[in-house]
There are 2 protein chains.
Amino acid sequence: MLDERSTITLNDVARRAGVSPMTVSNVINGTRNVRPATRQRVLDAIAQTGYRVNPLARSLAGGHNRMISVFTPKLNRPYAAEVVQGAAEAAERLNYDLVVMMLSPNSTSDFSMMSRLSVGALLIQPSRQAPWFSADLPPHVVSVDGPSAHPLTVDNYGGACSAMQHLLTLGHTRIGFISGLEAEPDIQNVSTSNAPYERNDAHERFRGYRESLARAGLPLLPDYVQHGDFTKGSGERAAKTLLRLPVPPTALFVSGDAMALGALHTAQDLGLKVPGEVSIVGFDDLPMATASRPGLTTVRQPLLHMGEVAVQILAALESGTEVPPPAPFPTELIVRESTARP
Amino acid sequence: MLDERSTITLNDVARRAGVSPMTVSNVINGTRNVRPATRQRVLDAIAQTGYRVNPLARSLAGGHNRMISVFTPKLNRPYAAEVVQGAAEAAERLNYDLVVMMLSPNSTSDFSMMSRLSVGALLIQPSRQAPWFSADLPPHVVSVDGPSAHPLTVDNYGGACSAMQHLLTLGHTRIGFISGLEAEPDIQNVSTSNAPYERNDAHERFRGYRESLARAGLPLLPDYVQHGDFTKGSGERAAKTLLRLPVPPTALFVSGDAMALGALHTAQDLGLKVPGEVSIVGFDDLPMATASRPGLTTVRQPLLHMGEVAVQILAALESGTEVPPPAPFPTELIVRESTARP
DNA sequence: TTGAAAGCGGTACCAT
DNA sequence: ATGGTACCGCTTTCAA
């Protein structure tokens, strides 16, 4: 109720309770045994003064905060939002505090501040060339869709194959592909290394397309491959190009839901029936995949679950447990209404 | 280049440069004049050691940090994501760092921790009964769609009227309404106060519906009013009820885009043509409003802009400027393809 | 123009 | 079971 403005310190509490600062610290952190009576006096003093620890001071002095930071690019991208939501739920369950920072190229000072306050970090789509990549990070780091000490990967290749298998089984032989490679400036560098986490998502999906085609004995037509940047707009452009070909594909495998929706709408706007005249398969299964008519057939990535696992790993790491590199998360083909026989 | 693990402190730099720690501090912060020669020696020492300031220590010692917290419920709700994105852009421009925390009903400790570190907070859809509402907040607080010292409001009433006007002008006389009131447990309490920020969004939209009807000389049919909770599912349920009425409405005004999309799909699934047999108007203009076919006619709230203004106000507040309560943000009717003459 | 000393608010370590 | 003390890394205040 009272709005004490001048900061109350641990010493104030100690004085009020008639004990030493150390005892107060111990009560707060449960570091050592404290006689119940003393403990209660301290608790009362805390309540009466409205004392709250200063996390800065605690960290500076070597203490630990139960905080996990999430570093992500733009948050209004559904991909990130889903992962963060999953992480938040796990964090709450495990009694960690989750804070999210959106990284901009310039800010580094407060970024490193959050780093120092945190026991671990979850990096969402980090890129090696980001300035903060080399900056100081918390003791433990897990990443999603990008490199780190503990990268979480998805079976993008397998997912792409299942999407292609679905279309091939339906009887499609002219299948176009829209990649997300336009959004991957790292392409050059990646090829120099073959550490598992360097296989980025966009590449793996393309590989699934190529190899599925080959296995089915179908040719890889350069005209049938377009590149987008995961945005709806780029999907629209790519689809327009593909569907206006002299011999257009009867099916499109699009490596992101937003782009797939763009393709779907483009097809409809071109007067083509989906799935009657064109079938479309997406990738991700973002919430928006159900927001279209027809509903989008797509490959689900367990984004919420990945967020949860990321936090669980961080928690394990902090408790000293060895954590083996987790197996790639499986994907699942979700068949809705945007696919049919040619 | 070198990956020094043991932390390099300001003292290390001072020793190496043969000056006092104070001088190093002054060079770094430009606090006082330093003789160019000395300055250069310090700079060299910093470069050689790879020294980086410890923001924790700096803050503790009295420095100011430029951090703003955003407190929001679930982040994967597009509404919040948009506001946060707007805030992030403004923050970057004004050289603040934004951290986002998702509040869960229980946790309060984490919350107060960030509060201490921030110069200001942006509350998204806060509710009075949340436990943390009475907890300590940063010096300055701005809110969006909820109460605070500096609430940002939208002209929900006007927006609702413009939506209704659109339908009425088109010639509709049987207009159904889906509210968001089911998601507002505060309803009781609100009526006891009449401070401007207590008029919550869902109520104002309903008022716009009611009064527009009255002005047009049309009756308010209880059957034509259903309540949802802003989720797609609730929109589907409500629409099903409305469209199965013996004499169903020819148009639906839905007070949220997610619900509106649910209604749209329900109509389509019921075999009704949109907008041929049913017209639908939403509210919010979330990104998903363009992700349907037909595109959703809706009332735009300037969410990105509101996020930006929120941060601007916080910045002004911090610099000691008096900030008058901002005028309600205007809405704008975005006409797409989901509405037509009856 | 530069330096020395005293904290900021905690925690770790060694005593008692 | 509790207390004293020395810092964590930096800035502020006061002196030189």
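Just so it is clear: chains get the letters A, B, ... in the order the sequence lines come, proteins before strands, and each one is counted from 1.
- Taking R116(A) as the reference, D136(A) meet the side-chain hydrogen bond (donor to acceptor under 3.5 Å, both in side chains) condition, with sequence neighbours excluded.
- Not counting sequence neighbours, Y79(B) has no partner by the ring pair (Phe, Tyr, Trp, His ring centres under 6.0 Å) test.
- Evaluation of the side chain to side chain donor-acceptor pair (under 3.5 Å) test over residues 301-313 of chain A, restricted to residues two or more places apart or in two chains, returns R93(A)-E308(A), D284(A)-Q301(A).
- In this structure, N54(B) atom CG and dC7(D) atom P are separated by 18 Å, rounded to whole Å.
- When the C1' atoms of four end pairs are superposed on the next four at each end of the helix from dT1(C)-dA16(D) to dT16(C)-dA1(D), using five pairs per end, the two resulting axes differ in direction by 30°, to 10°.
- Taking every nucleotide of DNA chain C with any atom under 4.0 Å from a non-hydrogen atom of chain A, the first and last of them, 5' to 3', are dG9(C) to dC14(C).
- Annotation: side chain to side chain contact (heavy atoms under 4.5 Å, CB included) contacts of A149(A) (sequence neighbours excluded): none.
- In this structure, a donor-acceptor pair under 3.5 Å is absent between the side chains of D12(A) and T49(A).
- Within residues 38-46 of chain A, the residues that place at least one heavy atom under 4.0 Å from DNA chain D are, in residue-number order, T38(A).
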Return a table of donor-acceptor pairs under 3.5 angstrom between the side chains of residues 18-30 of chain A and protein atoms on other chains or two or more places apart.
| from | atom 1 | to | atom 2 | distance (Å) |
| --- | --- | --- | --- | --- |
| S20(A) | OG | M22(A) | N | 3.3 |
| S20(A) | OG | T23(A) | N | 3.4 |
| S20(A) | OG | T23(A) | OG1 | 3.4 |
| S25(A) | OG | N29(A) | ND2 | 3.4 |
| N26(A) | ND2 | M22(A) | O | 3.1 |
| N29(A) | OD1 | R58(A) | NH2 | 3.1 |
| N29(A) | ND2 | S25(A) | O | 3.0 |

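- The nearest whole Å value for the distance from the CG atom in L60(A) to the C1' atom in dT11(D) is 12 Å.
- Phosphate contact (OP1/OP2 of dA1(D), side-chain N/O of R35(A), threshold under 4.0 Å): absent.
- Looking at V53(A) and L10(A), their side chains never come closer than 4.5 Å, going by heavy atoms from C-beta outward.
- The closest side-chain heavy-atom distance from L314(B) to Y96(B) is not below 4.5 Å.
- By the side chain to side chain contact (heavy atoms under 4.5 Å, CB included) test, S118(A) pairs with M67(A), S69(A), P138(A), sequence neighbours left out.
- Not counting sequence neighbours, N11(B) has no partner by the side-chain hydrogen bond (donor to acceptor under 3.5 Å, both in side chains) test.
- Residues L60(A) and N54(B) have side chains in contact (heavy-atom distance under 4.5 Å, counting atoms from C-beta outward).
- For the pair R52(B) CZ and dC10(D) P, the interatomic distance rounds to 12 Å; values are reported in whole Å.
- Here the P atom of nucleotide dG9(D) and the CG atom of L10(B) are 11 Å apart, to the nearest Å.
- Contact check of residues 12-29 of chain B against DNA chain C (heavy atom, cut-off under 4.0 Å) returns V19(B), S20(B), M22(B), T23(B).
- Here the closest non-hydrogen pair linking N65(A) and V119(A) is O-CG1, 3.0 Å.
- Scored by the side-chain hydrogen bond (donor to acceptor under 3.5 Å, both in side chains) test, D44(A) finds Q40(A) as partners (sequence neighbours excluded).
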